[in-house]
Trainee: 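Encoded as C-alpha cells, here's the structure I'll be asking about.
First the proteins, then the strands, lettered A, B, ... as listed; each starts at 1. No experiment lies behind these values; they were computed from the predicted model shown.
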Number of protein chains: 2
Amino acid sequence: MSAIRLVDDLSPSANRAEWLDTILRGDCVAALNRLPEKSVDVVFADPPYNLQLEGDLHRPDQSKVDAVDDAWDQFDSFAAYDAFTRAWLLAVRRVLKPNGTIWVIGSYHNIFRVGAMMQDLGFWILNDVVWRKTNPMPNFRGRRFQNAHETLIWASRDQASKGYTFNYDAMKAANDDVQMRTDWLFPICTGGERLKTASGDKVHPTQKPEALLARVMMASSRPGDVILDPFFGTGTTGAVAKRLGRHFVGCEREKDYIDAATARIAAVEPLGAAEIALMTGKRAEPRVAFGSLVDAGLLAPGALLTDARKRWTASVRADGTIAIGSEAGSIHRMGARVQGLDACNGWTFWHFEEAGTLKPIDDLRSQVRQGMRAAGG
Amino acid sequence: MSAIRLVDDLSPSANRAEWLDTILRGDCVAALNRLPEKSVDVVFADPPYNLQLEGDLHRPDQSKVDAVDDAWDQFDSFAAYDAFTRAWLLAVRRVLKPNGTIWVIGSYHNIFRVGAMMQDLGFWILNDVVWRKTNPMPNFRGRRFQNAHETLIWASRDQASKGYTFNYDAMKAANDDVQMRTDWLFPICTGGERLKTASGDKVHPTQKPEALLARVMMASSRPGDVILDPFFGTGTTGAVAKRLGRHFVGCEREKDYIDAATARIAAVEPLGAAEIALMTGKRAEPRVAFGSLVDAGLLAPGALLTDARKRWTASVRADGTIAIGSEAGSIHRMGARVQGLDACNGWTFWHFEEAGTLKPIDDLRSQVRQGMRAAGG
DNA sequence: GACATTGGTGAATCTTCAG
DNA sequence: ACTGAAGATTCACCAATGT
C-alpha cells in the first residue's frame, strides 16, 4: 500500500488505482457519485448524531463539559436529518457490491431514524450490535441512566444478498470458542491513541477506538477488501484497514481532519500476511470427502461406526459410503435415515472406537486436513 | 388490590375503579380510547416484533425452532407496521400523564421503526437501554453474530416534561453505589417462571422475565402508580406491578393469554410497604433554610465557617447569610464567589469546627431534619 | 523507584422551586 | 410563562506531580 493520497477531484472514468487508499475531499454524496458502482466490499459509517443540546452542562465540580457542538452536527429538524441520511445511504448503496455489507454507528439520538431509513431503502439488517463502553461519561445530574453504550447496525445490501462475508469461525475463536455475541465491550478512545493538537486539544470530538473498527473488519471483510468510510474524520477506518491489510477509501470535508488522518495513516505499519491471515474455520477449510479417510487408511473398509449412544451401527465401505443392513449411502444420508430426519451432519453424528473410547469421525477429518496443511496446501 | 377483573366494555365515563387492575379485552387502540386522558404514570409496551422469517429454522440437530409466527406478528409491509405503530402510540400518548414515561421493547426487526415514530410523535427519548441476555438462543446457521440482546426505549411524553419519575438513588444503590448504566444483564424467561400449557408448550412465545419489568418499575415509578401495558400477553407487567405495589391496566385480544394472565396475577402476593420502599436521596428531603440553623441555635451569629482546606473563612450573620469582609450573601453565592465559579453547594462547601475536626454544615442540616421527623412533620 | 495525591476529561438531547 | 435563586450532582482512566 503506497503512502496515503488525497484526491480533490475524480473523473467518473477514473480507474481503481486512482481512488484506492485515498481520501476524497468534499461532501460524501458528491464524492461517492464519482466512484464506480459496486466497487466496495464493506462500508463503515459514523454519521453526525444530531445531538440536540440546550445550554451548557457542568460536572459536580463545576467544570464545563466540552460538548459536541460542531457545525457538522447541526440540523434544523428531524426531516432535515432524514433527508441527509437518505442521500448518503443511497450514494453508499450504489458503490456497494451486491454481496457487500454496511455498518452504521449511532446513539439513541439518531440510530432509530437511520435504521428505519436503511430498511426503507432496501438494506437488510443482519444484526444490531451494542458497543458497551467500559468507561462512559457519567450522567452528571442524576436524571437518567448512565449512557453507557452506542449501537451499530450491520446490514447487507439486499435481502437477497446471501454471499456476504462473515468470518464466523474467526469471531468464535476470538471469543473463547463460543459464538461472538451482539454486545461488545471496549474502552472509549483515550490516551496515546487519541489524536491531539499541538495545544493538547482533541482533534476530533468523537474519535472511535481502533479496537472497535478492527472487530468490524475482522468479522466482515477479507484481506484485500475495500472498506469505504463516508465520514472519514481522523481516519480510524483507514488506519485499521491499512494495518489489517485491507484497502480503504474515505470521504471528508474538514481540512483539519484530513491532515490529521493523512499523517496518522502514513505512520501505520501493516501487519504481515501471516498475522493477518484470518483464522479460517471449517467453512473455509478444504473440503474432505469421507472416502478420502478410507483412501488414507484412517478407516479400513468394514470398520464399524456408531452414533454416540451406540443405538445404530453402520459399516464402512470402500467406496466411501456406509451401509446399514442392505442399505447404503453417504454418512450424512444414512445418519438422517436412521434418525428419521431430513438432514444430518454425518461428521459429528458417526463415531469410531479407539482405545476403548468413542470419537467422532470429524477427528479423522482434522487429521487429514493437518496433513494437507503440512504439505503446503 | 382486589382479584383481577376482566373488562369487556368500558363506558367513556367509567371511573377509575372500573378499570384499575383489570385487563381490557380487545384491540388496544379501541380499549385505550375509553380510558380517560392523562390517567397512567408509566407505559410498558412489548409490541409485535414484525419478525421476518422465511421458512422454518432448524437447529444443527435438525430440530425445528419454534419460531414466532403467530398471526398477530404478521404485517404485509413496513408501511403497515408503521401505521399500526403510529396508531397505538397515539392512543397510549393520550392516556399518559404529562410527566409520565413510556418504555418500549423490541429487536432490530422493529425497534428502529418504533423509535423513529416515537420521535415523530413528540416523545422525548431519555435513554435507550440494552437487555443483555445471559442465555440467548444461539445463531444456528453461523452466518451472523449471536443475537444476544434486545433494546428498550425510555421516553417522556414531551421534551418539556421534566418532572418524570426516575429513582436515581434507588438505582444507584442497587448497582453497588455507582450509577445504573444502560446495559442490563438478565436471563431470559425460562424454568418455573415460564408459563406452560397443560401439554407443556409455552403459552406465549415472547414472555419477558419478571426481573426486567421489576427493574423498569423500580426505576421509573412509585408505589401506587398506574402502569399500562397495551400488549398485555400473559401479564408479566400485571404480575410485577401487583407484587411491587403498583396498579396496572392491560389490553389483550387473545383469550388464551387473558386466561393465563388472570390466573397468574391472582396468585401473586404483594410485597409489604417496607419491602417496596424506595431508597431516596437528598432531593426527597424537606428543604431547610440555612437561617433555620441559626434560629435553632446550632450556629451562633458570628460563628466562623471555612472550606475543607481552610482557604477561605466566612462569618455567620443573624439573618442567615454569611459575610466575607464587607460582602455578604447566601452560603451558595458566597461559596461560588470565593471560588470564582457560577455555582456552589454551600451545604457541602462550608465547614464548621467541632472537637477539633472540620464538619460540613450539611451535618447540621441533617440534625434539623431529624428533629422535624421526630416532631412528626 | 514506588506509591499516593491531584487534576483533567469523555457523542450529553442532564434541576427544581418560589414568586 | 418567565426569572432568579436554591441546591443537587460523577466514573473510569490517564497524566502529572508530590511524598
Trainee: With R93(B) as the cation and F123(B) as the aromatic partner, state whether NZ or CZ is under 6.0 Å from the six-membered ring centre and within 45° of the axis.
Mentor: yes

Trainee: I'd like to know if R59(A) reaches the base of dG10(C) with its side chain, counting only an N/O donor and acceptor under 3.5 Å.
Mentor: yes

Trainee: Which distance, rounded to the nearest 0.5 Å, do you find between the CZ of F44(A) and the OG1 of T101(A)?
Mentor: 12.0 Å

Trainee: Using atom CZ of R283(B) as one end and atom P of dT15(C) as the other, report the distance to the nearest whole Å.
Mentor: 9 Å

Trainee: Describe the nucleic acid contact of V65(A) in one word from base, sugar-phosphate, nothing, applying a heavy-atom distance below 4.0 Å.
Mentor: base

Trainee: For R132(A), report the nucleic acid contact type (base, sugar-phosphate, nothing); a contact means any heavy atom under 4.0 Å.
Mentor: nothing

Trainee: Does dT10(D) have OP1 or OP2 sitting under 4.0 Å from an N or O in the side chain of Y168(B)?
Mentor: yes

Trainee: Measure NZ/K162(B) against C1'/dA8(D) and give the value in whole Å, please.
Mentor: 16 Å

Trainee: Heavy-atom nearest nucleotide on DNA chain C for E150(A) versus R287(B): which residue maps closer to 5'?
Mentor: E150(A)

Trainee: Does W184(A) have R215(A) sitting over its ring (NZ/CZ under 6.0 Å from centre, angle to axis within 45°)?
Mentor: yes

Trainee: Toss me the dot-bracket line for DNA chain C: Watson-Crick and G-U wobble, both under 3.5 Å, 5' to 3', using | for pairs to another strand and [ ] for crossers.
Mentor: .|||||||||....|||||

Trainee: Distance alone, cut at 3.5 Å: any donor-acceptor contact between the side chains of H149(B) and D128(A)?
Mentor: yes

Trainee: Does the side chain of R141(A) get closer than 4.0 angstrom to OP1 or OP2 of dA8(D) through an N or O atom?
Mentor: no

Trainee: Does dA6(D) have its OP1 or OP2 closer than 4.0 Å to a side-chain nitrogen or oxygen of S330(B)?
Mentor: yes

Trainee: Hey, does G55(A) reach any base, or is it just sugar-phosphate, or nothing, if we go heavy atoms under 4.0 Å?
Mentor: base

Trainee: Rounded to whole Å, how long is the line connecting atom CH2 of W347(B) with atom C1' of dA5(D)?
Mentor: 14 Å

Trainee: State whether the distance check finds a donor on one side and an acceptor on the other, under 3.5 Å, for side chain K133(A) versus base dA11(C).
Mentor: no

Trainee: Between dG7(D) and dG10(C), how far apart are the two P atoms, rounded to whole Å?
Mentor: 32 Å

Trainee: Take the protein atom CG of D66(A) and the nucleotide atom P of dA12(C), then report the distance between them rounded to whole Å.
Mentor: 9 Å

Trainee: Rounded to whole angstrom units, what separation is found between the NE2 atom of H332(B) and the P atom of dC17(C)?
Mentor: 15 Å

Trainee: Could you state the atom-to-atom distance from CH2 of W350(B) to P of dG7(D) in whole Å?
Mentor: 16 Å

Trainee: Within the side chain of T197(A), is there an N or O that forms a donor-acceptor pair under 3.5 Å with the backbone of D201(A)?
Mentor: yes

Trainee: For Q62(A) and dG7(C), give me the distance from atom CD to atom P, rounded to whole Å.
Mentor: 15 Å

Trainee: Of K202(A) and R143(A), whose closest DNA chain C nucleotide lies nearer the 5' terminus?
Mentor: K202(A)

Trainee: Looking across every strand, which nucleic acid part, if any, lies under 4.0 Å from Q159(B) by heavy atom: base, sugar-phosphate, or nothing?
Mentor: nothing

Trainee: Distance between the C1' atoms of dA15(D) and dA11(C), in whole angstroms?
Mentor: 23 Å

Trainee: I'd like the P distance from dA8(D) over to dA12(C), given in whole Å.
Mentor: 26 Å

Trainee: Rounded to the nearest angstrom, tell me the gap between atom CG in N139(A) and atom P in dT9(C).
Mentor: 20 Å

Trainee: Do D120(A) and R113(A) meet the salt-bridge criterion of a basic N to acidic O distance under 4.0 Å?
Mentor: no

Trainee: Taking only the side-chain nitrogens and oxygens of R194(A), find out if one of them lies under 4.0 Å from OP1 or OP2 of dA11(C).
Mentor: yes

Trainee: Classify the nucleic acid contact of I125(B) as base, sugar-phosphate or nothing, counting any heavy atom under 4.0 Å across all strands shown.
Mentor: base

Trainee: Give a yes-or-no answer on whether the side chains of S220(B) and W103(B) include a donor-acceptor pair shorter than 3.5 Å.
Mentor: yes

Trainee: Output yes when K255(A) and D259(A) qualify as a salt bridge under the 4.0 Å nitrogen-oxygen rule, no when they do not.
Mentor: yes

